[in-house]
Amino acid sequence: MEQGSYKKNDIVRLTIEDIGNDGEGIGKADGYTLFVKDAVIGDIIEARITKCKKNYGYARVEKVVTPSPFRVEPQCPFHRQCGGCQIQAMSYERQLAYKQNKVRNHLQRIGGFSPEQTDAVMEPIVGMEEPWHYRNKAQYPVGYDREGNLVTGFYAGRTHDIIANTDCPLGPPENKAILEAVLSYMKENNVSAYRENTGEGLVRHVLIRTGFSSGEIMVCLVINGKELPGEDKLVERLTGVRLEGGRLGEAGLADGGGQAVAGEEMAAGACDRTAQLEAGKAPHKRLVSVSINVNREKTNVIMGKEMRVLWGRGWIEDSLRVLDSADFGEAGGAEDRSADSDEKVTFRISPLSFYQVNPRQTEKLYSLALEYAGLTGKETVWDLYCGIGTISLFMAKRAKKVYGVEVIPQAIEDARENARRNRITNAEFFVGKAEEVLPGFYKGEPLTVSEGNPVGTAENRPDGLTESSSDGKALKTNGMDRAENGKVTAEVQMCHPDVIVVDPPRKGCDEKCLETMLAMQPGRIVYVSCDPATLARDLKILCVGGYEIKRVRAVDQFGHTGHVETVCLLSKLNVEHHIEVDVNLDEMDLTAAESKATYEEIKAYVKEKTGLQVSNLYIAQVKRKCGIVERVNYNLPKSEDSRQPKCPPEKEKAIIEALRHFWMI
């Protein structure tokens, strides 16, 4: 029904019959659809219309006439004003049902998958045992209220007006004391807050990160300048904050000079904290890092690029365990029987690092991704959008080789350091956009290990697919030994991995990235998504390209919000439905790979693209290296003692490109 006689500020009575994508209630007044913030499915309410469109409108709750059986009392007094928790008034069990249906509906409506298909592959959502105080990171804007008082908290929904709140129930309890210490320092030292409308003022945000397994805390002030007045006084304030068991700074870190403890002491502390976890004890919380981040741009982007440590070190550590999915329950009551897991990865996390905000659920999410990958120790894996290597290093524990791609250089440095700290040597990391690095590599464009970088690391370079030797000259092997006796080369394994893992931002995978994934034809694709709408869109493309969905499971990473993570397994179509056939190649004219292009076509392509002339012998040698079994061994020597010429590296590279062009590898 169209808008009709309804207008802004009209009061209407509604029965909330459904829930929208962002958790808003949906009801109808005489057939006119209204989206109502803070309404719960099953509520009967009086609502005030705030905006009218032709076929639908928006409203806010004025009065709950009859509460829904799913309505609960929110823990946060600011839940309606704050833009953070859209569905806190809904029972947690109903939140999980809403998110499960959200994923299912997007798969059907956007992905075009039938109800039968989605029901066959969807598994129960993974809920939290305790859906409060789960966030390990929060970024608090600093500003002024209408009376000019210095405040920090969160932005009101769809605005940049700060709601003064230092005690968010989603964050760790110690955040409140830390924020109050920052505000006290600012007031005592006349440090101004940033004003968005003028671009003046100094402190913009306070970033707090906590390692849930380590107990380590980081505080970073984002400032509109190069330095803070009385930086030593800020450090004194923060290290003097008292929590249970002592002061924040009582970690053996502070020596009056702001230096971090020696690495041996850190390692010993990490071992103690791991023992605490395995004994079921919460780790002792303590401050290990105070820093400033410089952001002088007039922008909504929170963090700048320049960092400076004021006290301690520039990072915290946290560990994630590999868990057994059989222990996962939908919500509360699922005992975590994997607390004594020996499989865990420790990460170094800087202020700019991407790291999932809910570490307990992240263990479940990544453990599912690892399970879906089906690794046996023989596989080559590409991890796209790898961040600081969280999923990559999970996979490396069970894979033969893992390659990670990430656009943020600092994150790649953290990934490399994380690999070293965990003594993982079978992971390499490349700097660049996944949608550029992966297609570029597949086309034979540059990926180089630069001089001076440690073993097992890599960067994008414009000078060819090579590894730099100590004298700066390119090595012929691309940093990996060429396999002999017909075995597939490492370069070919990179081009045709067994598994590709993607964990893209909310916008999903780039089109070029999806095209290259399809061209590389991995046996399995594991897709980790933070937006079921773009997930459904991308799954549709991958399934049209020859894959089928095998498993889908939602994971509640963000309780009391409308957001949900999803992990999905895709397999090449019919890869598990095949029959073994004995084939006598001598009775066939061509193998399947040979049928894609003749030797003359390959030679013509190489000549046209590179100007090089290649022989049938060279083509046959490269084909064997790429795992293409030949029907006939061309140009056999007349005696077994004869020595055949080996294909030069530049011609081998040109032939590999031709094989890619003809989709033979």
Side-chain angles (χ1 to χ4, degrees), residues 19-25 35-41 50 58 60-61 70-92 94-96 98-99 102 127-128 130-143 145 151-180 182-183 193 196 204-210 212 219-220 222 300-303 331 354-362 505-506 530-532 554-565:
I19 312 173
N21 285 334
D22 295 322
E24 69 276 25
F35 296 88
V36 188
K37 182 180 180 295
D38 301 317
V40 175
I41 188 169
T50 57
Y58 297 92
R60 67 168 181 261
V61 177
F70 306 119
R71 177 173 282 278
V72 296
E73 186 65 30
Q75 286 199 17
C76 178
F78 305 103
H79 82 281
R80 289 191 64 176
Q81 302 101 300
C82 178
C85 296
Q86 303 97 331
I87 55 176
Q88 196 177 128
M90 187 188 299
S91 71
Y92 187 59
R94 191 63 183 84
Q95 289 182 32
L96 295 179
Y98 154 67
K99 294 181 181 185
K102 181 177 182 177
M128 302 184 213
E130 174 52 60
W132 302 101
H133 302 296
Y134 62 79
R135 289 188 64 97
N136 61 11
K137 172 189 173 183
Q139 298 170 131
Y140 298 86
V142 182
D145 62 16
V151 295
T152 187
F154 296 96
Y155 289 128
R158 302 179 186 275
T159 75
H160 271 209
D161 298 329
I162 298 175
I163 298 171
N165 178 20
T166 58
D167 192 18
C168 173
L170 300 191
E174 61 269 16
N175 284 7
K176 181 176 187 293
I178 293 171
L179 291 171
E180 290 175 351
V182 172
L183 291 177
E196 284 190 332
R204 302 173 68 132
H205 284 80
V206 179
L207 164 68
I208 305 175
R209 292 189 109 148
T210 304
F212 276 31
V219 179
C220 176
V222 183
N300 289 334
V301 177
I302 293 176
M303 303 295 288
F354 170 78
Y355 188 72
Q356 291 276 6
V357 300
N358 186 338
R360 292 294 163 257
Q361 290 298 97
T362 297
R506 198 169 299 280
C530 59
D531 188 331
V555 178
D556 184 26
Q557 291 277 101
F558 314 103
H560 310 294
T561 79
H563 302 297
V564 61
E565 293 268 334

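Atoms considered below: every heavy atom in the structure, side chains included; atoms not considered: hydrogens, waters and symmetry mates. Everything quoted here is computed from the prediction, not taken from an experiment.
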Minimal non-hydrogen separation, Pro131 against Leu170, with atom names: O-CD2, 4.3 Å
Close side-chain approach of Arg80 to Val61, heavy-atom, < 4.5 Å: yes
Shortest non-hydrogen separation from Thr166 to Glu180 and the atoms involved: OG1-OE2, 3.8 Å
Donor-acceptor pair, side chain of Lys137 and main chain of Leu207, under 3.5 angstrom: no
Euclidean distance, Met90 CE relative to Tyr98 OH, rounded to 0.5 Å: 7.5 Å
Residue that, paired with Leu179, satisfies side-chain contact (heavy atoms from CB on, under 4.5 Å) out of Val142, Asn165, Thr152, Asp167: Thr152
Minimal non-hydrogen separation, Met128 against Tyr92, with atom names: N-OH, 3.0 Å
Heavy-atom side-chain proximity of Phe212 to Arg360 below 4.5 angstrom: yes
Tyr140 backbone acceptor or donor facing His205 side chain under 3.5 Å: no
Expected output: side-chain Gln86 to main-chain Gly23 donor-acceptor under 3.5 Å: no
Asp38 side chain near Arg60 side chain, heavy-atom distance below 4.5 Å: no
Spacing of CG belonging to Asp556 relative to CD belonging to Gln95, to within rounding of 0.5 Å: 7.0 Å
Polar contact flag, side-chain donor to acceptor under 3.5 angstrom, Tyr355-Asn136: no
side-chain contact (heavy atoms from CB on, under 4.5 Å) assessment of Gln356 paired with Gln361: CA-CA 9 Å; Gln356 291 276 6; Gln361 290 298 97; over 6 Å; no
Heavy-atom pair of closest approach, residues Ala193 and Gly143: CB-CA, 3.7 Å
Gap separating the SG atom of Cys76 from the NE2 atom of His560, nearest 0.5 angstrom: 10.5 Å
Distance-only side-chain donor-acceptor flag, Gln557 / His563, under 3.5 Å: no
Glu24 (side chain) donor-acceptor with Asp22 (main chain) under 3.5 angstrom: yes
Val555 backbone acceptor or donor facing Glu565 side chain under 3.5 Å: no
Which atom of Thr561 lies closest to which atom of Ile87, heavy atoms considered: O-CD1, 3.2 Å
Under 3.5 Å donor-acceptor, Gln81 side chain and Ala156 backbone: no
Heavy-atom donor-acceptor pair, Lys37 side chain to Tyr58 backbone, under 3.5 Å: no
Results of salt bridge (charged side-chain N to carboxylate O under 4.0 Å, His left out) for Arg94 - residues two or more places apart only: none
Nearest atoms (heavy-atom pairs only) where Asp145 meets Val151: N-CG2, 3.9 Å
Any donor-acceptor pair under 3.5 Å from Arg135 side chain to Cys168 backbone: no
Parallel, tilted or perpendicular: rings of His160 and Tyr155 (30°, 60°): parallel
Side-chain (Lys102) to main-chain (Ile19) donor-acceptor, under 3.5 angstrom: no
